[in-house]
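If you're wondering where the values come from, they're calculated on a predicted model, not measured in any experiment. Lettering follows sequence order; numbering is per chain, from 1.
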2 protein chains.
Amino acid sequence: MHDNLTERSKRILEAIIEDYIATAEPVGSRTITRRHGLSLSPATVRNVMADLEEMGFLSSPHTSAGRIPTDKAYRFYVDGLLEVRKIARDEREEIRKRCILTGKDIGDVLKETSRMLSSISHYTGIVVAPRFAANIFRHLEFVKLGGKRILAILVSQNGTVQNKIIKTDDELDAADLVRMSNYLNEMLNGLTIAQVKQRLMEEMRDEKNKYDALLARALKLSQDTLADTDSEMFIEGQSNILEQPEFADVTRMKEIFRAFEEKNQLLGLLDRCLEARGINIFIGSESHLSQMAGVSLITSTYMTGKNTLGVLGVIGPTRMGYSKVIPIVDYTAKLVSRLLEVE
Amino acid sequence: MHDNLTERSKRILEAIIEDYIATAEPVGSRTITRRHGLSLSPATVRNVMADLEEMGFLSSPHTSAGRIPTDKAYRFYVDGLLEVRKIARDEREEIRKRCILTGKDIGDVLKETSRMLSSISHYTGIVVAPRFAANIFRHLEFVKLGGKRILAILVSQNGTVQNKIIKTDDELDAADLVRMSNYLNEMLNGLTIAQVKQRLMEEMRDEKNKYDALLARALKLSQDTLADTDSEMFIEGQSNILEQPEFADVTRMKEIFRAFEEKNQLLGLLDRCLEARGINIFIGSESHLSQMAGVSLITSTYMTGKNTLGVLGVIGPTRMGYSKVIPIVDYTAKLVSRLLEVE
DNA sequence: ATTAGCACTCGAAAATGTTGAGTGCTAATC
DNA sequence: GATTAGCACTCAACATTTTCGAGTGCTAAT
């Protein structure tokens, strides 16, 4: 792929990208020869740069400025040129220290993970909580709150909890609730949440269940509990974005922040990452979200066993330190996987 | 109070404040006489303005600009001049429509409330989840996750749920867990969480309990569950702040966003509001938080019965539309109170 | 194929000019 | 004595011009 680029062009392109990542300023032919030990004259470099621009790897803000890499260049860089460093020992320590929290519920751990990702990368951290459907059912409990309000609590194997307040048509007494949950726990034990949904449907269709009022109630209640459980998302360190010179312009910044608040769109993007396991990188326009122009996303999936649970990653400018951030995201995903594993 | 201000000065001060709230531009003597039907000449107004500046109600950015109100002026305005409008019918409808969500847990409702506050006020909405300590204990449940990990679930009367993963020294079987929670539920029924903590302490000290291993375990476990439950906070619509001209400057904005991320400091401030019931207003420097310069906070408490549960409100520039926002916050707090009331 | 040399481009920053809203003061007016 | 017209003065904001230099593309020499 891209065999049409000579070794020299690649080296120069790489130098330009790395320089731009470091400085956020358009890179000129002079700078390249000076800062990177290329034994070429600026003039030669200029010729190569002109070719690279022709091919769509570089663009110039105006005639007499240097060049900046395009999304295509970053993609080429990430796919080929970049050699991913191993994670630094101290980074690894930091990650471990901040993720391993005992005595906190899953949500707190993931939130802290997101915060950690942001502070260690200096960009914005993002963690999508486990998709409930992939989890394994563990326990269902109904607590009577008062009157006709019941709190349904659904617990999955790895400790994720989902609550819902359900209003019933008439009062149920506590004993009934216990019987109902006992029955359901028995029936649903060991299934994934997705299978649970399935099973409930089947049971409700089953003729014989329609005659047991309590049972029918129980089924209805648990189905209500499972209805539209939207996944949670933790975005932390948004203000780190403000440090990036490319967002000094207020209008650009507004866009980004709006994008962060529009969590649904982001979720859509992250869902795409769910499908492919492991590291995933979206560069600028590749996300096909207009607000994400100039922004890159590095994600990885975390999982228990062979079950993909969720996604986590880092959002930063396209001009981000890929070689540093990729191993961080990678290591974090693996660590979180391990934490959620049932010991 | 402030009897030293003549009626006329008050009218002029009011006009300046309202003009500044509307335009965000320093107000000149000319403008005042034109826009507000004062039958005075600019020159007279200038004299009054000079007096007001002397007294600390106004300041001028530079010699040849108009005046802008100081925090002291806003305080005077809020305390005396401002007559709070009743909430508009359509606003009331909007609030109701967006807060009354069935089939969602409390957290979701409060988050949506925060979002609603931001979108209806055009500033930033903030909701602090009920302090757990003030809630009434309803139910405690232990779910075995696998190995030595137990998920403790604590439910309060109004449907707030708190989970915690607890690691035990050795395995407990499911039946034991049920017995433990039955016992505890019996013992703690009807107490407030604060009382529950108290009671657990007493029981643990009690000699006779030390000989029942299981019981001792149960007590320890529930105490772990209750340890350091930090209150959750929902801040929504942060990007609305970006619309405010006074934060067009990137440095100012960074400060604000950092402040939002430093939730602890904010929580401290909001805790102060918890103590005083009803509407509470912090204007700029009054909060004694440097990052909050130029920012005002309007809050109100929500409660069930005579129990103060939490705080909600709006954060905006000091130059915010107090007369519009105050009734919104007030009404929302009352509505949320009603929603959390056990029906 | 590479590179030195050179005219040219164009944004950024500094220097300069212009404008107008606003002020404070004084003296005339009600 | 309070109010106001009048006027000189101030100063940020905006527009215009100038300067500067990093960077380019092209050509001709190496």
Can you tell me if the side-chain N/O atoms of A:Ser64 get under 4.0 Å from OP1 or OP2 in C:dG11?
no
Mutual orientation of the aromatic rings belonging to A:Tyr77 and A:Tyr322 [parallel < 30°, tilted 30-60°, perpendicular > 60°]
perpendicular
Whole angstrom is fine here: how far is it from CD1 in B:Ile16 over to C1' in C:dA21?
15 Å
Rounded to the nearest Å, what distance is computed from the CG atom of residue A:Asp51 to the C1' atom of nucleotide D:dG25?
13 Å
Can you measure A:Ile32 atom CD1 to D:dA22 atom C1' for me and round it to whole angstrom units?
14 Å
Which whole-number value in Å describes the distance from B:Leu58 CG to C:dG24 P?
11 Å
For A:Asp71 and A:Ser285, does a side-chain donor sit closer than 3.5 Å to a side-chain acceptor?
yes
Need one value for B:Ser60: base, sugar-phosphate or nothing, where a base atom within 4.0 Å counts as base even if backbone is also close, heavy atoms only.
nothing
Which nucleotide in the list D:dC26, C:dG11, D:dT4 gets nearest to the side chain of B:Ser41?
D:dT4
Main-chain N/O of B:Gly125 paired to B:Ser114 side chain as donor or acceptor, under 3.5 Å:
yes
Just how far, in rounded Å, is C1' of C:dG22 from CD of B:Glu25?
13 Å
Donor-acceptor pair between A:Ser323 and A:Arg85 side chains, under 3.5 angstrom:
no
Rounded off to whole Å, could you give me the CZ-to-P distance for the A:Arg35 and D:dA22 pair?
13 Å
Taking a pair as Watson-Crick or G-U wobble with both distances under 3.5 Å, which nucleotide is matched to D:dT4?
C:dA27
Tell me the interatomic distance from B:Arg8, atom CZ, to D:dT3, atom C1', rounded to whole angstroms.
8 Å
Among C:dG22, D:dG25, D:dT24, the nucleotide that comes nearest once only the side chain of A:Ala50 is considered
D:dG25
Would you indicate which nucleotide in D:dG23, D:dT10, C:dT3 comes nearest to any side-chain atom of A:Leu40?
C:dT3
Could you tell me whether the phosphate oxygens of C:dA4, OP1 or OP2, come under 4.0 Å of any side-chain nitrogen or oxygen in A:Arg30?
no
OP1 or OP2 of D:dA2 less than 4.0 angstrom from a side-chain nitrogen or oxygen of B:Thr44, does that happen here?
no
Taking B:Ile21's backbone N and O only, do any of them form a donor-acceptor pair with B:Arg319's side chain (distance below 3.5 Å, no angle check)?
yes
Examine D:dT24: is either OP1 or OP2 under 4.0 Å from a nitrogen or oxygen in the side chain of A:Arg67? Give yes or no.
yes
Of B:Asn47 and B:Thr63, whose nearest nucleotide on DNA chain D comes first from the 5' end?
B:Asn47
Nearest to the B:His62 side chain among C:dG24, D:dA12, C:dT2, which nucleotide is it?
D:dA12
Phosphate OP1/OP2 of C:dT23 contacted by B:Ser29 side-chain N/O (<4.0 Å)
yes
Closest listed nucleotide, where the reference is the side chain of B:Arg46 and the choices are D:dG23, D:dT24, D:dC7:
D:dC7
Checking N1-N3 plus N6-O4 or O6-N4 for Watson-Crick, or N1-O2 and O6-N3 for wobble, each under 3.5 Å, the partner of C:dT16 is D:dA15
Rounded to whole angstroms, how far apart are CG on A:Leu52 and P on D:dG25?
12 Å
State, without any angle test, whether A:Gln265 and A:Gln291 hold a side-chain donor-acceptor pair at a distance under 3.5 Å.
yes
